[in-house]
Amino acid sequence: MSSATPADVLARRRHLTLSGDADGLADLFAPDAVIEFAFHGPPGTPVRVEGREAIREYSRHAMASPLQLEDYEVAELYQAQDPEVVIAEVRAKAIVTTTGRSLTATSIQILRIREGHIVLWRDFADPRLLEEVMGQPRPGS
């Protein structure tokens, strides 16, 4: 997979995510990869996930949650000066299966992709949208 472009890797990530393949998604990450969420999500949501196996467990948990991703697209993809780094503007649609409430959101993601594997994924999404649709306000809100 080393000849894969960042766009190829992100297209594969989309396919694996939408098909519910948590193991395939985790395998897209380097063994020592890190996912960072810039803003706290609902209670119990980690701010940082380190290592492929932790990412695998996180992905399984996320895909089994009532918040089901229906679709998402990389609306824009920007190449940073560092050839391993891209910035993606992602638009997503999801539904909470327990309530039928829907969510449409845009986030910015900064990714470091090396030899066809995601090494770092920093997600900048507004957690207030998720809290609103899930009905789980942050402590102190």
Side-chain angles (χ1 to χ4, degrees), residues 1 3-141:
M1 192 185 243
S3 64
T5 67
D8 294 338
V9 173
L10 295 178
R12 181 85 178 129
R13 181 184 72 163
R14 179 183 184 276
H15 170 76
L16 292 164
T17 300
L18 292 176
S19 66
D21 185 351
D23 291 321
L25 179 63
D27 291 340
L28 199 54
F29 286 81
D32 60 348
V34 173
I35 297 175
E36 295 177 341
F37 299 98
F39 307 108
H40 290 277
T45 302
V47 174
R48 184 177 170 96
V49 182
E50 296 182 51
R52 181 186 288 155
E53 295 313 309
I55 290 168
R56 185 179 315 281
E57 289 306 312
Y58 173 78
S59 298
R60 287 176 180 164
H61 178 75
M63 289 181 183
S65 80
L67 183 68
Q68 294 297 300
L69 196 59
E70 294 183 312
D71 195 15
Y72 82 90
E73 67 174 340
V74 174
E76 297 290 339
L77 186 61
Y78 305 96
Q79 180 65 57
Q81 287 182 341
D82 182 330
E84 292 184 346
V85 177
V86 292
I87 301 156
E89 180 181 338
V90 178
R91 295 191 184 122
K93 289 182 180 181
I95 189 165
V96 179
T97 58
T98 54
T99 66
R101 294 181 75 183
S102 62
L103 165 72
T104 301
T106 299
S107 69
I108 300 299
Q109 299 173 358
I110 300 173
L111 298 106
R112 177 173 296 278
I113 300 171
R114 182 178 300 136
E115 296 178 3
H117 288 94
I118 299 169
V119 175
L120 175 65
W121 172 11
R122 285 191 180 121
D123 189 72
F124 295 83
D126 185 350
R128 295 173 298 182
L129 296 172
L130 184 57
E131 292 163 3
E132 180 182 314
V133 77
M134 295 292 288
Q136 298 175 339
R138 287 181 298 190
S141 294

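Owing to the predicted nature of the structure, the values given are computational and were not obtained by experimental measurement. These values consider heavy atoms only, across backbone and side chains, with no hydrogens, waters or symmetry-generated copies.
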Engineer: Taking only residues two or more places apart in sequence or in another chain, which ones pass side-chain hydrogen bond (donor to acceptor under 3.5 Å, both in side chains) with Glu50?
Structural biologist: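 By the side-chain hydrogen bond (donor to acceptor under 3.5 Å, both in side chains) rule, Glu50 matches Arg48.
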Engineer: Kindly say whether Asp82 contributes a backbone atom to a donor-acceptor pair with the side chain of Gln79 at under 3.5 angstrom?
Structural biologist: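 Between the backbone of Asp82 and the side chain of Gln79 there is a qualifying donor-acceptor contact (under 3.5 Å).
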Engineer: With the side chain counted from C-beta on, respond yes when Asp27 and Arg56 share a heavy-atom pair under 4.5 Å apart, and no when they do not.
Structural biologist: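 Yes, their side chains come closer than 4.5 Å.
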Engineer: Just to verify, what does Thr104 make a side chain to side chain contact (heavy atoms under 4.5 Å, CB included) with, not counting sequence neighbours?
Structural biologist: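 Listed in chain order: Lys93.
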Engineer: Can you confirm whether Asp71 sits close enough to Leu18 that some side-chain heavy atom of one is under 4.5 Å from a side-chain heavy atom of the other?
Structural biologist: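 Yes, side chains in contact.
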Engineer: How would you list, by chain and number, every residue that makes a side chain to side chain contact (heavy atoms under 4.5 Å, CB included) with Arg114, sequence neighbours excluded?
Structural biologist: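 With neighbours one apart ignored, the set is Glu84, Arg112, Val119.
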Engineer: Going by salt bridge (charged side-chain N to carboxylate O under 4.0 Å, His left out), name the residues that satisfy it together with Asp8, two or more places apart in sequence or in a different chain.
Structural biologist: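 Result, salt bridge (charged side-chain N to carboxylate O under 4.0 Å, His left out) vs Asp8: none returned.
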Engineer: Of all residues at least two apart in sequence or in a different chain, which pass the side chain to side chain contact (heavy atoms under 4.5 Å, CB included) check with Leu77?
Structural biologist: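 Applying side chain to side chain contact (heavy atoms under 4.5 Å, CB included) to Leu77 gives Ala7, Leu10, Val74, Val86, Ala88.
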Engineer: Closest heavy-atom contact between Leu16 and Gly24?
Structural biologist: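 Taking Leu16 first and Gly24 second, the nearest heavy atoms are CD1-O, 3.4 Å.
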Engineer: For Arg122, look at atom CZ and say whether over 12 heavy atoms of other residues, nucleotides or ligands are found less than 6.0 Å away.
Structural biologist: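 Open.
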Engineer: Starting at CH2 of Trp121, measure out to CD of Glu36 and round the result to the nearest 0.5 Å.
Structural biologist: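 Trp121 atom CH2 to Glu36 atom CD measures 12.5 Å (nearest 0.5 Å).
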Engineer: Identify the heavy atoms of Leu25 and Ser59 that sit nearest to each other, and give their distance.
Structural biologist: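 Closest approach of Leu25 to Ser59: CD2-OG, 3.7 Å.
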Engineer: Evaluate Arg13 against Leu111 for side chain to side chain contact (heavy atoms under 4.5 Å, CB included), listing each step before the verdict.
Structural biologist: CA-CA 12 Å; Arg13 181 184 72 163; Leu111 298 106; 3.9 Å; yes
Engineer: Mind checking what makes side chain to side chain contact (heavy atoms under 4.5 Å, CB included) contact with Asp32, not counting sequence neighbours?
Structural biologist: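 In terms of side chain to side chain contact (heavy atoms under 4.5 Å, CB included), with neighbours along the sequence ignored, Asp32 is linked to Ala30.
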Engineer: To the nearest 0.5 angstrom, please state how far the CG atom of Leu67 sits from the OG1 atom of Thr97.
Structural biologist: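 So the CG of Leu67 and the OG1 of Thr97 are separated by 8.5 Å.
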Engineer: Not counting sequence neighbours, list each pair that qualifies as a salt bridge (Lys or Arg N to Asp or Glu O under 4.0 Å) and has a residue in residues 57-66.
Structural biologist: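 Listed by first then second residue: Asp23-Arg60, Glu57-Arg60.
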Engineer: Who pairs with Asp21 by side-chain hydrogen bond (donor to acceptor under 3.5 Å, both in side chains), at least two apart in sequence or on another chain?
Structural biologist: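 So Asp21 forms no side-chain hydrogen bond (donor to acceptor under 3.5 Å, both in side chains) with any residue.
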Engineer: Restricting to ring pair (Phe, Tyr, Trp, His ring centres under 6.0 Å), what partner residues turn up for Tyr72, sequence neighbours left out?
Structural biologist: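 Tyr72: no ring pair (Phe, Tyr, Trp, His ring centres under 6.0 Å) contacts found.
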Engineer: Mind checking side-chain hydrogen bond (donor to acceptor under 3.5 Å, both in side chains) for Gln68 and listing every partner two or more places apart, or none if nothing turns up?
Structural biologist: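 Listed in chain order: nothing, the list is empty.
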Engineer: For Ile55 versus Val34, what's the shortest heavy-atom pair and its separation?
Structural biologist: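 So the two residues come closest at CD1-N, 4.4 Å.
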Engineer: Got a donor-acceptor contact below 3.5 angstrom from the Glu89 side chain to the Ser107 backbone?
Structural biologist: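 Pair absent, no side-chain N/O of Glu89 close to backbone of Ser107.
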Engineer: Can you find a pair of side-chain heavy atoms, one from Val96 and one from Leu103, that are under 4.5 Å apart?
Structural biologist: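 Result no, sub-4.5 Å side-chain heavy-atom pair not found.
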Engineer: Does the gap between the ring centers of Tyr58 and Phe37 come in under 6.0 Å?
Structural biologist: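 Under 6.0 Å, so yes.
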